[in-house]
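Chain letters run A, B, ... following the sequence lines, proteins first, then strands; residues in each count from 1. For the numbers below, each heavy atom of this structure counts, side chains included, while hydrogens, waters and symmetry mates do not.
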Amino acid sequence: MKQYLGPLNKENPVLVQTLGVCSALAVTAQLKPAVVMALSVTAVCAVANLVISLIRNTIPPRIRIIVQLLVVSTLVIMVDQILQAYVYEVSKMLSVFVGLIITNCIIMGRLEAFALLHKPLPSFVDGVMNGVGYGLVLVVVAFFRELLGSGTLWGHPVVPQSWYAAGYLNNGLMILPPMALILVGGLIWIVNSRKGSICLPKC
Amino acid sequence: MKTFSNRYIFLYITVLVMVIAVLLTAVSMGLKPRREANQKVEKAQQILRAAGYENVGKEAALRMFDSVAVRNDIGGRECYDIRCADGTDGLVVFVEGKGLWGPIWGYVVLADDRATVKGVVFAHKSETPGLGDRITSPEFIRSFVGKRILDKDGNFVSVSVIPKGRGGEIPEDNRVDAISGATLTSKGVNAMLRDQLAITTETEKR
């Protein structure tokens, strides 16, 4: 059980392994796209892990990366089509970043490191947990960026009008990509400075 | 590690690709009616919003659109005669152009004088969430209302999208503020309006 909880804590894909940072920066200006992105990545990661694990003994090692890519891109295209058909508005908010899930290193990383070597069920759970670990970071970063950058949460204004009247300003830097990098950096600092979760000596 | 013959590898990848192709085709075909219905409704909603009809629901949009708008292309460009929410007649002009990452498009509703902007909507395929995609935001869209695409002498000048404070000599009437953090998308909107509204007005005069 413990190994499956790793992605939420000591082996967080974004904060400790620094994978998937690109999309973590790109879709976190607002909370809503960040949550849908987290769900999409979790779904793709889990199902891709499951599929690769099911066919792991038939995959010729020499072309395993190609096979993994094929499976991942198939799933991503399906997710994109389903989003367009059933939650059209949200799919428009995510735009290019759904397609870019294909290149998210977390997914390929888990396929290589876990699904190729383990049975289907553990692989599926591993995919879910890594997706959730990734999603948690996205949500935390998006929460602060939307709150401080736009004064809204989930699109609803939360900073009272009286504050603006008193001279409060939204921090425009928050909605620009560099600030996402700084926030993710700050999170990495916090996570890695906690006792017992330092990864550096091991690596 | 198990070894596989070349023949196995070729066969394996061929079968895999074929399975995937069939799967994707099935998903795409199966969901196509839903996707197209979504797009049609969205288009009707966008045009209605530009014409001043607020908050038209998904179900009502198509019926309402048919009752107020009639297609009437000008110079090969998609246009509609529309009865606006305030009771006046307007002309809807479809414009399309390039954003930062992909296509952007929109509908501009001109008043009866064919010069004053009554409303606009913009849409995009793949602009950056939180930055370029704010061309669809209410603030940006509202800033176009009441602007004019003709100058004082009646020549076409379009509505320029210019960074705040850099408007220079362009009269207040003929420009709106660009979106900070989305310079290239704003430029795309600027070029789209300049290039495509011109075609319409020129053809109109002839």
Side-chain angles (χ1 to χ4, degrees), chain A residues 25-34 36-37 51 55-64 66-67 70-71 73-100 142 145-146 149-150 155 172-180, chain B residues 1-42 45 58 99-104 123-134 136-139 179-182:
Chain A
L25 306 186
V27 299
T28 51
Q30 290 167 17
L31 207 46
K32 200 170 181 179
V36 177
M37 183 68 176
V51 172
I55 59 171
R56 70 186 186 285
N57 292 325
T58 68
I59 302 174
R62 271 196 283 166
I63 56 161
R64 66 183 196 285
I66 298 172
V67 173
L70 278 172
V71 170
S73 31
T74 309
L75 290 170
V76 169
I77 293 170
M78 280 157 101
V79 166
D80 193 21
Q81 300 248 331
I82 290 168
L83 290 180
Q84 278 182 30
Y86 291 94
V87 278
Y88 190 65
E89 282 77 28
V90 181
S91 83
K92 292 187 54 116
M93 292 175 79
L94 280 172
S95 59
V96 291
F97 296 109
V98 174
L100 288 178
R145 287 183 74 191
E146 186 172 352
S150 314
L173 184 58
M174 273 288 168
I175 55 173
L176 298 176
M179 202 59 210
Chain B
M1 194 183 274
K2 247 198 289 185
T3 52
F4 293 88
S5 66
N6 282 347
R7 188 205 280 188
Y8 176 87
I9 293 177
F10 276 114
L11 211 65
Y12 188 86
I13 205 77
T14 311
V15 171
L16 186 68
V17 168
M18 268 157 42
V19 169
I20 286 173
V22 170
L23 204 64
L24 282 184
T25 313
V27 170
S28 178
M29 297 297 284
L31 294 174
K32 200 175 177 193
R34 284 196 80 102
R35 279 207 318 275
E36 283 178 349
N38 283 340
Q39 282 159 3
K40 213 170 151 194
V41 169
E42 184 194 30
Q45 275 181 317
K58 275 183 192 162
L100 174 58
W101 302 114
I104 55 176
H124 64 96
K125 176 88 200 306
S126 46
E127 296 310 296
T128 318
L131 297 173
D133 82 341
R134 282 188 293 153
T136 63
S137 70
E139 296 79 34
I179 296 171
S180 60

task: Please report the shortest heavy-atom distance between B:Tyr12 and A:Val67, naming the atom on each side.
output: CE2-CG2, 3.9 Å
task: Count the heavy atoms of every other residue, nucleotide or ligand shown that sit under 6.0 Å from CZ of B:Phe10, and state whether that count exceeds 12.
output: no
Worked check of side-chain contact (heavy atoms from CB on, under 4.5 Å) between B:Arg134 and A:Ile175: CA-CA 12 Å; B:Arg134 282 188 293 153; A:Ile175 55 173; 3.8 Å; yes
Listed partners of A:Arg64 passing salt bridge (Lys or Arg N to Asp or Glu O under 4.0 Å), at least two apart: A:Glu112
message: Using a 4.5 angstrom heavy-atom cutoff, name the option from A:Gln30, A:Arg62, A:Arg145, A:Glu146 with the most pairs to chain B.
response: A:Arg62
- request: Search all heavy atoms of B:Phe4 against all heavy atoms of A:Pro60 and return the closest pair with its distance.
  value: CD1-CA, 3.5 Å
message: According to side chain to side chain donor-acceptor pair (under 3.5 Å), does anything in residues 32-42 of chain B pair up with another residue at least two apart or in another chain? List the pairs.
response: A:Gln81-B:Arg35, A:Tyr88-B:Glu42, A:Lys92-B:Glu42
query: With only heavy atoms counted, which part of B:Ile9 is less than 4.5 Å from chain A, the side chain, the backbone, both or neither?
result: both
- request: Can you see which heavy atom on B:Leu31 is nearest to which on A:Tyr86, and at what distance?
  value: CD2-CE1, 3.6 Å
side-chain contact (heavy atoms from CB on, under 4.5 Å) assessment of B:Ile13 paired with A:Leu70: CA-CA 10 Å; B:Ile13 205 77; A:Leu70 278 172; 3.9 Å; yes
Inter-residue atom distance B:Leu23.CG - A:Thr74.OG1, 0.5 Å rounding: 7.0 Å
- line: d(B:Ser28 OG, A:Asp80 CG) to nearest 0.5 Å is 10.5 Å
- request: Name the region of A:Ala29, side chain, backbone, both or neither, that has any atom closer than 4.5 Å to a heavy atom of chain B.
  value: side chain
- request: Report yes if the side chains of A:Pro177 and B:Leu131 come closer than 4.5 Å at any heavy-atom pair, otherwise no.
  value: yes
message: Between A:Ile63 and chain B, with a heavy-atom cut-off of 4.5 Å, which part of the residue counts as in contact: side chain, backbone, both or neither?
response: side chain
